[in-house]
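Single-structure report; data block below.
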Amino acid sequence: MSHPCGQPLQVQRDGDRLVVSELHPTSAPRDRIGRWQWKHDRGESALQWLGPCSGEPSPAHLLAIIEAAFTFEPGTPTLTLAPPFASALNLVEHGLALPAPDGRRLVHREMFFQHAPMWLPQVAPPIPLRYTLTGPRRHPLRAAKRTGTLYQRHIPWLDQTFSFRSLDIEVDLPLFHRWMNDPDVAQVWQEDGDLAKHRSYLDAIAADPHMQSMIACLDGEPFGYFEAYWAKENRIAPFSEADDHDRGWHVLIGEPSFRGKAFATAWLTSISHYLFLADPRTRRIVGEPRADHRQQLRNLDRSGYAKVKEFDFPHKRAMLVSLLRERFFADTLWWPREDDAPSTLQSRT
């Protein structure tokens with residue numbers, strides 16, 4: 001999320017206060033644009049606007065401070081706002097807050113983190129429901145694929161911005177080719193080969209309405225390749241009893257320096273978050289990692305995915321895994337599990 005004038009915001013913790021600043025180029029100072037009194041105790045959290053004396057916080061400022069409060073205390077299920085300003089009414093209108101006694105507003109964490117405009121630069125309502133056929137499979141007609149940046153989120157434990165962008169074949173083919181020929185990647189994907197093979201692979205996905213190729217970046221640096229798909233049209237459908245709007249994904253981490261636990265926590269929580277935000281009708285995410293890929297299964301388990309059953313594809317023995325939307329948001333699974341979480345953070349949005 002950006003400040004209305006285009007500058008990103010940073011929220012810093014200063015004892016029992018949270019301070020919102022505009023971020024400028026590193027050579028310039030940060031401008032403080034607001035302060036908040038913050039009280040939190042035994043799962044209860046409240047924010048009181050302290051100023052500046054004139055003016056009100058913008059909607060972007062208000063969303064940033066709420067995200068920061070939940071980031072600093074992720075175990076807090078609700079946040080009470082005591083604001084003497086009209087912009088808080090927008091939270092109620094958008095379903096992000098409920099009226100509370102004495103004119104306050106009550107923000108529920110699991111509702112707030114489903115507010116797609118916070119993390120998706122491009123948001124559009126779902127297209128009207130109409131069914132079509134792909135071979136023998138009847139499924140909803142899918143919206144046109146989006147290009148450019150699809151999702152972005154500041155990762156506090158890395159202090160970096162994670163993003164997904166659509167893959168551009170002409171730009172990204174050499175990178176994809178190098179990654180697919182990495183021995184560790186090839187062992188799992190079994191798609192090593194020449195440039196022509198990899199161009200053909202990406203061309204096929206670009207022409208397939210049920211799949212989207214994406215590049216994952218940290219602070220703009222590409223490090224991994226993802227495929228998001230609609231499960232109803234996918235080969236997983238017969239094994240998962242896929243609903244109309246179930247999603248799934250595949251991943252390869254191409255850069256070895258991005259294969260640590262802190263990075264896995266960042267991209268695993270983010271791919272789940274992105275797929276649930278991209279369509280509010282998506283109730284479940286499914287997957288089919290190799291049944292013998294123990295590290296991937298451990299990562300999925302830490303990220304809330306349930307192991308359902310093993311089954312056979314023609315090319316591999318797979319494990320069906322599943323993550324429910326309700327569990328992801330109710331159990332705060334966009335955040336690392338307690339044993340993975342860092343001890344000190346700052347929030348930037």
Side-chain angles (χ1 to χ4, degrees), residues 1-5 7-26 28-53 55-85 87-88 91 96-97 100 104-113 115 118-119 152-162 218-219 262 265-266 269-270 273 329 331-349:
M1 182 181 65
S2 296
H3 187 270
C5 65
Q7 290 289 350
L9 302 178
Q10 177 171 281
V11 181
Q12 293 179 301
R13 188 174 188 171
D14 183 12
D16 62 353
R17 294 185 178 182
L18 298 181
V19 179
V20 184
S21 306
E22 284 187 10
L23 282 178
H24 293 277
T26 54
R30 296 185 176 100
D31 293 335
R32 293 188 173 189
I33 60 174
R35 295 176 301 117
W36 298 74
Q37 186 75 33
W38 185 36
K39 297 179 181 179
H40 56 91
D41 181 48
R42 298 179 182 180
E44 297 184 1
S45 188
L47 284 170
Q48 173 70 54
W49 171 243
L50 297 178
C53 296
E56 297 180 354
S58 68
H61 177 146
L62 192 57
L63 292 173
I65 198 70
I66 294 170
E67 183 189 15
F70 283 131
T71 295
F72 289 125
E73 293 292 335
T76 303
T78 59
L79 174 66
T80 301
L81 294 176
F85 46 82
S87 59
L91 296 176
L96 296 179
R104 296 174 297 166
R105 303 288 181 263
L106 186 65
V107 181
H108 288 265
R109 179 187 60 204
E110 64 182 291
M111 296 172 68
F112 180 80
F113 278 88
H115 185 54
M118 285 284 294
W119 298 277
Q152 57 187 13
R153 169 192 176 205
H154 183 69
I155 305 296
W157 57 94
L158 297 177
D159 194 22
Q160 292 180 287
T161 297
F162 179 94
L218 277 167
D219 283 351
T265 303
T269 57
S270 295
H273 195 204
F329 289 105
D331 292 355
T332 328
L333 295 179
W334 60 87
W335 187 256
R337 294 298 184 86
E338 192 170 314
D339 59 340
D340 292 329
S343 58
T344 59
L345 300 170
Q346 70 176 10
S347 179
R348 183 180 303 170
T349 187

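We number each residue from 1, following the sequence as shown.
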Measure across [X] and [Y] and return the closest heavy-atom pair with its distance rounded to 0.1 Å.
{"X": "T76", "Y": "S45", "value": "CG2-CB, 3.5 Å"}
{"X": "T269", "Y": "T265", "value": "OG1-O, 2.8 Å"}
{"X": "P74", "Y": "W335", "value": "CG-NE1, 3.4 Å"}
{"X": "R105", "Y": "A97", "value": "CB-CB, 4.1 Å"}
{"X": "P156", "Y": "T71", "value": "CG-CG2, 3.6 Å"}

Among all residues two or more places apart in sequence or in another chain, which pass the side chain to side chain donor-acceptor pair (under 3.5 Å) test with E73?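 R13.
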
Non-neighbouring partners of D41 that pass side chain to side chain donor-acceptor pair (under 3.5 Å), sequence neighbours left out: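 Residues passing side chain to side chain donor-acceptor pair (under 3.5 Å) with D41: none at all.
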
Compute whether any side-chain donor of one residue and acceptor of the other, for H61 and W36, lie under 3.5 angstrom apart.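 H61 vs W36: donor-acceptor pair found between side chains.
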
Can you find a heavy atom in the side chain of [X] that is under 4.5 Å from one in the side chain of [Y]?
{"X": "F162", "Y": "L218", "result": "yes"}
{"X": "W49", "Y": "L81", "result": "no"}
{"X": "E22", "Y": "L9", "result": "yes"}
{"X": "I66", "Y": "L91", "result": "yes"}
{"X": "Q12", "Y": "F72", "result": "no"}
{"X": "I155", "Y": "S270", "result": "yes"}
{"X": "L96", "Y": "L63", "result": "yes"}

Rounded at 0.5 Å granularity, tell me how far [atom1] in [X] sits from [atom2] in [Y].
{"X": "H154", "Y": "D219", "atom1": "NE2", "atom2": "CG", "answer": "8.5 Å"}
{"X": "E110", "Y": "T78", "atom1": "CD", "atom2": "OG1", "answer": "10.5 Å"}
{"X": "Q10", "Y": "I33", "atom1": "CD", "atom2": "CD1", "answer": "11.5 Å"}

Hey, mind stepping through D16 and Q37 against side chain to side chain contact (heavy atoms under 4.5 Å, CB included) and telling me if it holds? CA-CA 6 Å; D16 62 353; Q37 186 75 33; 2.8 Å; yes

Full working for side chain to side chain contact (heavy atoms under 4.5 Å, CB included) between T161 and R153: CA-CA 6 Å; T161 297; R153 169 192 176 205; over 6 Å; no

Under 3.5 Å, is there a donor-acceptor pair between the side chain of W38 and the main chain of A69?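 The answer is no, because no donor-acceptor pair under 3.5 Å joins these two groups.
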
Under the side chain to side chain contact (heavy atoms under 4.5 Å, CB included) rule, collect the residues that match up with R35, sequence neighbours excluded.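 Counting only residues at least two positions away or on another chain, R35 forms a side chain to side chain contact (heavy atoms under 4.5 Å, CB included) with R17, V19, L50.
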
Fit a plane to each ring of F112 and W119, take the angle between them on a 0 to 90° scale, and name the class: parallel (under 30°), tilted (30 to 60°) or perpendicular (over 60°).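 Plane angle over 60°, so perpendicular.
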
Could you check whether the rings of F113 and H273 sit parallel, tilted or perpendicular, using 30° and 60° as the cut-offs?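 Plane angle between 30° and 60°, so tilted.
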
Heavy-atom count check: over 12 atoms from other residues, nucleotides or ligands less than 6.0 Å from E44 CD?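 Not buried by this count: 12 neighbours or fewer within 6.0 Å.
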
